[in-house]
Amino acid sequence: NEVSPTKQARGDSGKEPKLHRRWASSPLTRQNKQLNFRLQQSQITLFTKCAAMTPFSLSKVIKEEGGHSVSTKKKKTKEEIEAARALKVKKKEEEEKQRWRWWEEEKYEDGVKWKFLEHKGPYFPPGYQPLPDDVKFYYNGKPVKLSLPAEEVALFFAQMVDHEYTTKEVFRNNFFKDWRKEMTLEERQLIMDLNKCDFGELHAMHIKKVEARKNLSKEEKLVNKEANQKIVDEYGYCVLDHHRERIGNFKIEPPGLFRGRGDHPKQGMLKKRIQPEDVIINCSKGSRIPEPPAGHRWKEVRHDSTVTWLASWTENVQGSCKYVMLNANSKLKGEKDWEKYEVARKLKTCVDAIRAQYQEDLKSKQMGTRQRAVALYFIDKLALRAGNEKEEGETADTVGCCSLRVEHITLHDTLDGQKCVVEFDFLGKDCIRYYNKVPVTKRVFKNLKLFMENKQEGDDLFDRLNTQTLNKHLSSLMPGLTAKVFRTYNASITLQQQLKELGNMKENVAEKLLSYNRANRAVAILCNHQRAPPKTFEQSMANLQAKIDSRKEQLDLAKKELKQAKKEAKGSSDNKLLIVVEKKKKAVQRCEEQLLKMEVQATDREENKQIALSTSKLNYLDPRISVAWCKNMEVPLDKIYNKTLRDKFAWAIDMTEHDFVF
DNA sequence: TCTGAGACTTGGAAAAATATTA
DNA sequence: TAATATTTTTCCAAGTCTCAGA
């Protein structure tokens, strides 16, 4: 029952219990209804489990009352706790003092990103370590000693054999083709069939290594940690305009097999090792130029202050550029983020006019204009992505608004008692399915029918529209306006509205947080931020259910004991018996609360099964809304933003007053 | 006007770090 | 203390959007 030293050092005695949402108890707005509808679509049960629940009161106090060692553990290390706390406060103050308050400074002239930039260059992954002699690759049952390049690639595959990827035809074919390119002529002549390859020993070795790393002693782990920290200290920071800034990804991506998402035609291809000769360095002219690794040179060293990257290289699978850039808490990223939300706020001031305009455009004589209007209607109402064109055969077949094809929507004159319903079913970014049935206006519906006339399944729905022309039009309506701004705007405004509706000052912190999470979830649903249910989901759910069941039994028992105690105490004036009754009462109460908490947790987990909240929190929700909400509701900010988020949104935390309105 | 390169944001999965529980 | 669950961080793929050049 000891409080762990780390816990003490951080000064928190425990986490707030899991929260759940009570949709049923909140008044539903139009948008909320829509979201609920979407939820039902994705087969998430909202009401069944938690509708009957009463608000629960959760507190650490109850938990601590239940324990018996609270006082002893506090006594033991009281001074240590105090010292640790003081240290923490001091560290925090120090950090705050060091923080670059760039948001209080003048902005640079357009296009200039920095005046001075110095860094150590990217960190290269360690070279390939050949297999030990006792680990063999077999072809057709016979051991084959591979050349080093072929061996390295074989190991990439071996490390993945229990991943679903390696069962896929496309992955296997791509891998085999690229692997053979790395082989010597001799190897190529021998190894003709992937199915005859036995990577068993290589795989076993990999598993063993992973296992061994996991089982390192505390000391060994610490040594590793310190070594890693040293790398971060050396390569993880740069100096940008007199300030030390954290770099986001200072490590060159190691070689491996390309893991494209969904049905990616290039999955399994070899992602080659990057050499210093492939890397372009970007830094100040007057700065210390980073040293390339011994015996190597850079591809180029340039001094371009109109871009934010420190190093770049071209990746061989897709031929695209990769960049080393700053961390999200840097000035460069923060300023851009701030700007993004300011543009979205500006949209708020003219969104009514823009909506009126596209409603009007639905009637246009120009087909292109009508298509643009319908597309905008979708982007605004459903928060669809713009949908750039993609090169066929180069990537998985996914679409956004402008690239929707006839096969992706079905029109229903009536559906489930509603008129003019559009049924969407397509794969969006990262091959995440978007499925939604949306009632639209008659005019939109009629237009869609028109667009689909004489078209085949694979034809573009909006054949007169692309994202460039759409964005060009948008920027003429408002400077800086693009399709993606609607997503930011609608996400943030939804959060604000939901918080306003769900919030209640009388609630306790846990309940307020519940409201916040619900609002956040509404946004995640709007933006279709889904995740695959965790692999261990069913198991963990079953475990929880088992715990609930056993707690129920405990409760029954406690109730019986209470009854018995009451019976015995009845008519008696024996104080001892009355105390027993009180004790039993408390036990029942405690049991009930714990049961409720677990049931709530189960509900929450179930509801969140396929919803990812982090993306919207990180990218779409103006942090000032959340900061102001915390101030108004008297909720500590660290209840909704962890350290990383607080760093990223330092600008917002610093500048936001309680009266901020998005 | 079209196209592709380039630069940057957004996205979920997986790994790693922590917290909790048995 | 070990096993397990949860949260945070890392990773890198996949989008959006702009701009230059034909």
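Reminder, nothing fancy here: chain letters follow the sequence lines and each chain counts from 1.
For Tyr620(A), whose side chain is taken as the heavy atoms from C-beta onward, the closest listed nucleotide among dT10(B), dC17(C), dC8(B) is dT10(B). Checking dG15(C), dA14(C), dT10(B) against every side-chain atom of Lys390(A), the shortest atom distance belongs to dG15(C). The listed nucleotides are dG15(C), dT9(B), dC12(C); the one nearest the side chain of Pro254(A) is dC12(C). The side chain of Asn619(A) lies closest to dT10(B), out of dT10(B), dT9(B), dG6(B).
Among the protein residues, Ala396(A) comes within range of no part of the nucleic acid, since none of its heavy atoms lies under 4.0 Å from any strand. Counting any heavy atom pair closer than 4.0 Å across all strands shown, Arg531(A) reaches sugar-phosphate atoms only and no base atom. Here Asn388(A) lies in heavy-atom contact (under 4.0 Å) with a base. Heavy atoms of Asn543(A) sit under 4.0 angstrom from primed sugar atoms or phosphate atoms, though from no base atom. Within 4.0 Å (heavy atoms only), Gly387(A) reaches sugar-phosphate atoms of the nucleic acid but no base atom. Among the atoms of the strands shown, only primed sugar atoms or phosphate atoms (P, OP1, OP2) are found under 4.0 Å from some heavy atom of Thr308(A). Lys113(A) comes within 4.0 angstrom of the backbone, heavy atoms only, and of no base. Within 4.0 Å of Gln468(A), counting heavy atoms only, lies at least one base atom of the nucleic acid. Counting non-hydrogen atoms under 4.0 angstrom, Ile432(A) reaches the backbone sugars and phosphates but no base. Looking at heavy-atom distances under 4.0 Å, Thr398(A) makes contact with sugar-phosphate atoms alone, never a base. Among the atoms of the strands shown, none is found under 4.0 Å from any heavy atom of Lys218(A). Residue Lys336(A) is classed as a sugar-phosphate contact, given heavy-atom separations below 4.0 Å to backbone atoms only.
Between Lys472(A) atom NZ and dT18(C) atom C1' the separation is 13 Å, expressed in whole Å. Taking atom NZ of residue Lys340(A) and atom C1' of nucleotide dC17(C), one finds them 14 Å apart after rounding to whole Å. When rounded to the nearest whole Å, the span between CE of Met325(A) and P of dC12(C) equals 16 Å. Look at CZ on Phe537(A): it is 13 Å from P on dA5(C), rounded to the nearest Å. Between the CG atom of Leu618(A) and the P atom of dT7(C) there is a distance of 17 Å, given to the nearest Å. In this structure, Tyr165(A) places its OH atom 10 Å from P of dA13(B), rounding to the nearest Å. In this structure, Trp309(A) atom CH2 and dC12(C) atom P are separated by 20 Å, rounded to whole Å. Regarding Leu613(A), its CG atom lies at a distance of 13 Å from the P atom of dG11(B), rounded to whole Å.
If Gly260(A) and Lys643(A) are placed on DNA chain C by their nearest nucleotide, the residue sitting closer to the 5' end is Lys643(A). The residue among Glu253(A) and Asn642(A) whose nearest nucleotide of DNA chain C lies closer to the 5′ end is Asn642(A).
The phosphate of dT10(C) (OP1 or OP2) has no side-chain N or O of Lys251(A) nearer than 4.0 angstrom. Applying the 4.0 Å criterion to OP1 and OP2 of dA5(B), one finds that Ser320(A) has every side-chain N and O outside that range. Distances shorter than 4.0 Å separate none of the side-chain N or O atoms of Lys484(A) from OP1 or OP2 on dG15(C). Using a 4.0 Å cut-off, some side-chain N or O of Thr482(A) falls inside it from OP1 or OP2 of dC17(C). Between dC11(C) and Arg259(A), no contact under 4.0 Å exists linking OP1 or OP2 to a side-chain N or O. For Arg487(A), a side-chain nitrogen or oxygen approaches OP1 or OP2 of dG11(B) to under 4.0 Å. At dC12(C), none of the side-chain N or O atoms of Tyr323(A) fall inside 4.0 Å of OP1 or OP2 (strictly under the cut-off). Applying the 4.0 Å criterion to OP1 and OP2 of dA13(B), one finds that His163(A) has every side-chain N and O outside that range. Applying the 4.0 Å criterion to OP1 and OP2 of dG12(B), one finds that Gln530(A) has every side-chain N and O outside that range. Here His529(A) reaches the OP1 or OP2 of dG11(B): one of its side-chain N or O atoms lies under 4.0 Å away. Taking 4.0 angstrom as the limit, Lys271(A) places a side-chain polar atom (N or O) nearer than this to OP1 or OP2 of dA13(C).
Residue Asp397(A) forms a salt bridge (charged side-chain N to carboxylate O under 4.0 Å, His left out) with just one option from Arg405(A), Lys390(A), Arg261(A), and that option is Arg405(A).
A salt bridge links Asp337(A) and Lys340(A); the closest N-O separation between the charged side-chain nitrogens and carboxylate oxygens is under 4.0 Å. For the pair Lys272(A) and Glu315(A), the salt-bridge criterion is not met [side-chain N within less than 4.0 Å of a carboxylate O]. Taking a cutoff of 4.0 Å between a charged side-chain nitrogen and a carboxylate oxygen, Asp304(A) and Arg302(A) do not qualify as a salt bridge. For Glu342(A) and Arg345(A), the salt-bridge test passes: some basic side-chain N is under 4.0 Å from an acidic carboxylate O.
Geometrically, Lys643(A) does not engage Phe649(A) in a cation-pi contact defined by less than 6.0 Å to the ring centre and at most 45° from the axis. In this structure, Lys251(A) forms no cation-pi arrangement with Tyr235(A), as its terminal cationic atom is not both closer than 6.0 Å to the ring centre and no more than 45° off the ring axis.
In summary, the aromatic rings of Phe426(A) and Tyr434(A) are positioned with their centroids under 6.0 Å apart.
Residue side chain Lys429(A) reaches the base of dT10(B) through a donor-acceptor N/O pair under 3.5 Å, judged by distance alone.
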